[in-house]
Amino acid sequence: MINKLAKAQKSWFAKLILVLTALSFMSLFGITGYLSSASNNRTVIKVDNIEISQAEFQYELQKELTAAKNILNIDLDEDALEDLRSSLVNTVAAKMLKDAVIDRTTQKYHIMFRPELISGMIANEPSFQDITGKFNRDVFRQVLNENNISEKEYVAAVSRGLAEQILTLWPVQKIYIPEVFVKAQTKIDGKRRTFKYVTIEPEHAKITRDISDEEIEQYYEDFASMFVEPERRNLSVIAVSLNDIAATVPVTDEDIKAYYDAHIDEYETKEKRQVLQMMFDNADKAAEAYALLAGGKDFYDVALDLAGQSRSETDLGYVSEDELVFEIAGDTFALQKDGFTKPIEVSDVFQITKVVDITPASKVPYETAAAEIKKELVSDKVYDALYDVLSGMEDEIGEGKTLEQIAENHHTKVKKVEGLADDGSALNMPDDLKDTMKSSDVIEDAFLYAKGETSRTIETDDGLIIIRIDDVIESHQKPLKEVTPQIKTLWAENERAAIMQDMSSEIIHDLEEGDDFAKTAKRFGLEVHKSQPVTRHETFADLSYDDLRELFMSDLNVPYQATVKDHYVVVVGVEDFENSVPLSDDELNLVRLKARYDIVRDLQKAMLDSYAANYKTKVKYKLMGLAD
């Protein structure tokens with residue numbers, strides 16, 4: 001595929017196909033750029049000349065974290081929040097790496113798109129259209145704002161998505177799934193099998209001896225890296241939080257009132273009415289319906305009998321006056337509750353409306369809205385104020401002022417952190433610094449500067465921080481006596497694992513020799529369980545998908561060992577059941593679609609891997625918060 005693309009570049013016809021015209025996203029919708037990250041920002045992902053900075057990664061991670069918290073809609077404690085953040089780090093890193101490969105490949109083969117093409121795709125997206133079905137810029141911006149995406153980011157994502165289709169989907173999407181494959185897949189998917197199994201838990205492994213002194217010393221030597229006290233640093237820290245900075249942002253009553261007046265639509269709710277509507281092609285039918293209504297007939301019944309409308313087609317729900325066509329809006333909103341209009345002609349259609357409920361207009365008083373408006377105005381200004389404070393701190397550092405002098409100038413105190421390690425943990429530190437000290441930027445600077453040096457001003461999620469290195473405690477091996485309890489625990493875990501493995505191996509050996517499963521299990525004090533008939537897409541005993549796949553690939557009565565968390569499971573297949581009910585054409589088509597989806601997905605991944613193999617790729621996991 002790469003060779004074909006390279007050859008295709010040389011023809012003018014291909015250049016037309018790939019739309020090799022200059023692309024200017026900035027002019028697509030009058031999009032403005034966003035601020036680049038601050039200086040001293042290191043690259044975390046590099047694919048040839050495509051670089052992703054630490055700030056860009058953290059920005060994407062924070063967006064995903066915010067979105068996840070909004071979806072969960074619950075308060076998370078520190079541990080849960082950290083678990084969520086850790087799980088998202090891998091996801092965001094993988095996505096950004098894939099995007100970098102796509103961007104590099106797009107660049108390599110000069111795949112570009114006219115701005116009109118991208119803008120047309122966006123304009124045709126239903127999510128960005130108003131009730132008339134036309135693209136609405138305000139709706140577009142509102143949707144992006146709700147999803148915390150800038151216009152520039154969205155346009156780039158649309159372009160990248162189109163390029164990804166060209167590079168990975170188009171070459172493989174025409175794959176043909178032969179009928180014999182569908183029948184074979186149907187047979188495989190439909191087969192059910194029952195299994196017998198035993199579970200070997202840690203409590204089944206009885207340790208009958210104690211660890212010897214020689215073994216303790218051997219463990220101390222063999223697992224030396226586990227018993228190293230990491231380099232630690234004692235720090236003096238000053239921190240200025242966003243809340244501290246926000247408290248200094250001036251917002252006057254005049255500012256609040258001006259915002260309230262300028263955004264009055266946000267604080268007013270229009271009157272809404274639940275409106276029923278029936279429509280007729282001719283005036284006579286409409287007049288007949290009006291007469292029946294005047295005689296006390298139910299609106300829904302008349303709409304069904306004369307207009308053929310169901311209840312859902314008749315009930316417009318709660319609407320404001322400007323949501324109705326102007327010909328009927330005034331008369332409908334002039335009605336009292338339960339009143340109905342005479343037939344009104346609208347573009348050769350005669351309509352009768354009825355009001356069944358009224359929700360009056362309302363307005364949030366200025367006094368009620370003022371507090372939230374102040375927060376909004378402060379939020380708009382706080383980052384400008386933050387950069388003013390940052391600039392001032394940098395000037396003070398440059399002038400050679402001490403940490404204590406800087407702290408006094410910014411009305412804060414110098415705090416002490418004792419024994420900070422490179423994972424953000426510390427032997428002792430104030431509670432209000434625990435989250436801040438886990439920042440990769442803070443940790444990097446804490447271990448970058450020498451004893452006695454003061455760092456730059458570091459921007460964190462919570463505000464600004466400056467650190468001074470008071471002392472450096474070098475990495476060293478912990479004394480044997482100190483780690484002996486840890487060694488004993490490690491030895492016991494390994495001993496149990498070895499005993500469990502021996503039990504599993506003996507059971508498997510006996511089964512392979514033809515021994516009865518129940519008798520073999522009883523010898524080890526274990527109970528044999530039997531599963532319900534399951535397909536390869538179902539599970540039991542917490543076995544993984546890969547385990548089930550291996551079990552279905554094996555013959556019956558062939559023992560298999562699986563590891564599930566901290567225990568072993570020995571399993572044998574005992575009986576197969578074929579699906580005796582033939583699948584319908586629709587069901588067979590579903591099998592074909594699923595098979596095609598799986599194959600195309602695998603081929604797409606292979607295409608992406610083939611492109612990536614040609615690039616020099618570097619990923620700095622530690623800077624992203626991943627393990628080395």
Side-chain angles (χ1 to χ4, degrees), residues 37-38 40-42 44 54-93 148 230 232-247 378-379 382-383 385-387 389-390 393 403 406-407 410-449 455-470 621-627:
S37 55
N40 200 23
N41 188 16
R42 301 177 65 179
V44 294
Q54 193 173 20
E56 289 172 316
F57 175 77
Q58 291 296 334
Y59 172 72
E60 290 297 327
L61 178 61
Q62 188 58 46
K63 280 203 311 182
E64 293 297 327
L65 187 61
T66 300
K69 288 193 290 187
N70 290 339
I71 292 172
L72 293 172
N73 197 27
I74 57 175
D75 293 328
L76 301 175
D77 59 28
E78 289 185 11
D79 291 339
L81 192 59
E82 183 57 33
D83 288 343
L84 177 60
R85 185 183 182 89
S86 297
S87 66
L88 287 174
V89 166
N90 279 295
T91 302
V92 173
N148 198 25
R232 292 185 179 273
R233 298 199 164 202
N234 296 338
L235 312 173
S236 291
V237 179
I238 61 171
V240 180
S241 71
L242 277 176
N243 290 335
D244 294 335
I245 296 172
V378 168
S379 177
V382 70
Y383 285 98
L386 179 143
Y387 285 112
V389 174
L390 185 151
M393 285 181 161
L403 204 63
I406 297 173
H410 294 275
H411 311 290
T412 188
K413 295 180 179 180
V414 177
K415 300 177 181 179
K416 299 293 184 180
V417 174
E418 298 177 2
L420 180 75
D422 63 3
D423 62 356
S425 64
L427 302 178
N428 187 30
M429 68 174 151
D431 288 341
D432 61 349
L433 288 180
K434 287 182 177 178
D435 288 337
T436 301
M437 299 310 294
K438 291 179 181 177
S439 162
S440 58
D441 287 336
V442 174
I443 293 172
E444 183 179 1
D445 278 23
F447 285 84
L448 176 66
Y449 291 89
S455 74
R456 63 190 173 95
T457 306
I458 308 164
E459 184 182 350
T460 71
D461 292 341
D462 302 318
L464 302 173
I465 187 171
I466 305 175
I467 59 179
R468 182 178 64 211
I469 315 303
D470 293 335
Y621 296 102
K622 190 171 183 179
L623 292 181
M624 292 188 290
L626 292 166

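For the single chain, residues carry numbers from 1 onward in sequence order.
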Residues H410, I238; criterion side-chain contact (heavy atoms from CB on, under 4.5 Å); working and verdict: CA-CA 9 Å; H410 294 275; I238 61 171; 5.9 Å; no
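- Residue A446 comes nearest to L420 through the heavy atom pair CB-CD2, 3.8 Å, listed as atom of the first residue, atom of the second, then distance.
- Between T460 and D441, the closest side-chain pair of non-hydrogen atoms is not below 4.5 Å.
- Taking each heavy atom of V92 and F57 in turn, the nearest pair found is CG1-CE1, 3.8 Å.
- To the nearest 0.5 Å, atom CG of residue L386 and atom CD1 of residue I245 are 4.0 Å apart.
- Minimum heavy-atom separation, M429 to G424: CE-O, 3.6 Å.
- At least one donor-acceptor pair closer than 3.5 Å links the side chain of D470 to the backbone N or O of S236.
- Note that CG of L235 is 13.0 Å distant from CD1 of I466, once rounded to the nearest 0.5 Å.
- Distance check, rounded to the nearest 0.5 Å: CD of Q54 to CD of E444 gives 6.0 Å.
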Worked verdict on T91 versus E64 for side-chain contact (heavy atoms from CB on, under 4.5 Å): CA-CA 9 Å; T91 302; E64 293 297 327; over 6 Å; no
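- To the nearest 0.5 Å, atoms CZ (R468) and NZ (K416) are separated by 5.5 Å.
- Taking each heavy atom of D461 and L242 in turn, the nearest pair found is O-CD1, 3.7 Å.
- Each of R232, M437, K434, K438 was compared with S425 under the side chain to side chain contact (heavy atoms under 4.5 Å, CB included) criterion, and only R232 meets it.
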Steps toward side-chain contact (heavy atoms from CB on, under 4.5 Å) verdict (Q62, R85): CA-CA 9 Å; Q62 188 58 46; R85 185 183 182 89; 3.9 Å; yes
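- With hydrogens and angles ignored, the 3.5 Å screen pairs no side-chain donor or acceptor of T412 with any backbone N or O of V240.
- Distance CG/L390 to CD1/I458: 10.5 Å, rounded to 0.5 Å.
- The CD1 atom of I465 sits 7.5 Å away from the OG atom of S455 when rounded to the nearest 0.5 Å.
- Within the 4.5 Å cutoff, side-chain heavy atoms of D445 are placed close to those of R456.
- Smallest separation of non-hydrogen atoms from I467 and V442: CD1-O, 4.0 Å.
- Under the rule for a side-chain hydrogen bond (donor to acceptor under 3.5 Å, both in side chains), N243 has no partner lying at least two apart in sequence or in another chain.
- Closest non-hydrogen pair, L403 versus V237, comes out as CD2-N, 4.1 Å.
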